[in-house]
Amino acid sequence: MNLCILIPAIVGLISGILGYLLGKMSAKGSDNSLSLQSDLDACRANTKTLNAKIASLETDLVSAKASANANIQNFAKSVESVSAGVATIPYNADLAFSILGKKWKQDDLKIVEGIGPKIEELFQNAGINTWKIMSETPTEKLQEVLNSAGERFSIHNPSTWAKQAQLAYEGKWAELKKWQDELDGGK
């Protein structure tokens with residue numbers, strides 16, 4: 001055989017095969033790009049849907065927060081009114097005067113047998129400035145306040161002071177008077 005004819009025939013055959021393969025690959029690529037384009041469009045549509053849901057949920061969250069804040073404020077107001085109702089027992093100065101024989105201002109700690117102006121000042125500086133607070137303060141804390149002021153005050157015995165303050169706070173003037181008549185200097 002003649003090599004001159006054979007070489008162009010082999011080159012032609014190889015070129016044909018390569019052309020065929022390249023054509024197949026480019027045809028698959030266009031189908032693939034159409035598939036990818038449809039997937040991308042589906043993802044974009046899904047993203048729009050999810051963004052709409054996120055916006056809706058954010059609106060619901062803002063609404064829920066506003067509602068929760070309103071509920072918290074209403075609860076705080078109701079707690080304040082309840083605690084105000086519990087914490088405030090009306091003070092009747094005339095009744096106190098008629099039973100105790102002396103005018104007392106509301107939350108005057110000197111009404112407690114054994115407390116004078118200096119000890120009252122000590123307690124007020126320690127934040128114990130109402131009959132209610134004193135009635136809820138443990139005797140140990142009352143004694144700490146006295147001890148912190150030195151020997152002159154530490155000799156006092158505050159064991160009955162919380163109970164006396166409670167009676168004054170509750171307006172039980174007859175009981176307070178009776179008990180104070182039995183006490184000796186607050187003891």
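Nothing here was measured: the structure is a model prediction, and the numbers come from that model.
I10 and L13 are members of different hydrophobic clusters when ILVMFWY side chains are connected at heavy-atom separations under 4.5 Å. The hydrophobic cluster containing I14 also contains L6, counting ILVMFWY residues as joined when their side-chain heavy atoms lie under 4.5 angstrom apart, directly or transitively.
The list of salt bridge (Lys or Arg N to Asp or Glu O under 4.0 Å) pairs with a residue in residues 136-155, not counting sequence neighbours, reads K132-E136. Screening residues 104-126 for ring pair (Phe, Tyr, Trp, His ring centres under 6.0 Å) gives F123-W161 as the qualifying pairs, with residues at least two apart or on separate chains. The list of ring pair (Phe, Tyr, Trp, His ring centres under 6.0 Å) pairs with a residue in residues 127-155, not counting sequence neighbours, reads Y91-W131, W131-W173. The list of ring pair (Phe, Tyr, Trp, His ring centres under 6.0 Å) pairs with a residue in residues 34-73, not counting sequence neighbours, is empty.
For S135 against A165, the heavy-atom pair with the smallest separation is N-CB, 3.9 Å. Closest approach of N92 and L95 over heavy atoms only: OD1-N, 3.0 Å. The two atoms that bring M134 and V112 nearest to each other are SD-CG2, 4.2 Å, heavy atoms only. Nearest heavy atom pair, residue I128 against residue T137, reads CD1-CG2, 3.9 Å.
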| request: Output, in order, the C-alpha distance, side-chain angles, deciding distance and verdict of side-chain contact (heavy atoms from CB on, under 4.5 Å) for L36 and L40. | output: CA-CA 6 Å; L36 289 175; L40 180 61; over 6 Å; no
| said: Could you walk me through whether I111 and L100 satisfy the side-chain contact (heavy atoms from CB on, under 4.5 Å) test, starting with their C-alpha distance in whole Å, then the side-chain angles of each, then the deciding distance to 0.1 Å, before giving a yes or no? | reply: CA-CA 9 Å; I111 200 169; L100 298 174; 3.6 Å; yes
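Taken from CD1 in I99 to NZ in K178, the straight-line distance is 13.5 Å, to the nearest 0.5 Å. Once rounded to the nearest 0.5 Å, the distance linking CG of N157 with CG of L142 reads 10.5 Å. How far NZ of K177 is from CG of D181: 4.0 Å, rounded to the nearest 0.5 Å. To the nearest 0.5 Å, atom OG1 of residue T49 and atom CD1 of residue I54 are 11.0 Å apart. Taking CD from Q124 and OG1 from T130, the interatomic distance works out to 10.0 Å, rounded to the nearest 0.5 Å. Once rounded to the nearest 0.5 Å, the distance linking CD1 of I133 with OH of Y169 reads 10.5 Å.
For the pair I119/L146, a side-chain contact is recorded, criterion being any heavy-atom separation below 4.5 Å from C-beta on. Between K118 and L122, every side-chain heavy-atom pair lies at or beyond the 4.5 Å cut-off.
Of the possible polar contacts, one joining the T59 side chain to the A55 backbone as a donor-acceptor pair under 3.5 Å is found. Side-chain atoms of S15 come within 3.5 Å of backbone N or O of V11 as a donor-acceptor pair.
Remark: the Q164 side chain and the E113 side chain contain no N/O donor-acceptor pair separated by less than 3.5 Å.
Through direct or indirect side-chain contacts shorter than 4.5 Å among Ile, Leu, Val, Met, Phe, Trp and Tyr, L61 is connected to no other residue.
Judged as a side-chain hydrogen bond (donor to acceptor under 3.5 Å, both in side chains), and not counting sequence neighbours, the contacts of N147 are Q143.
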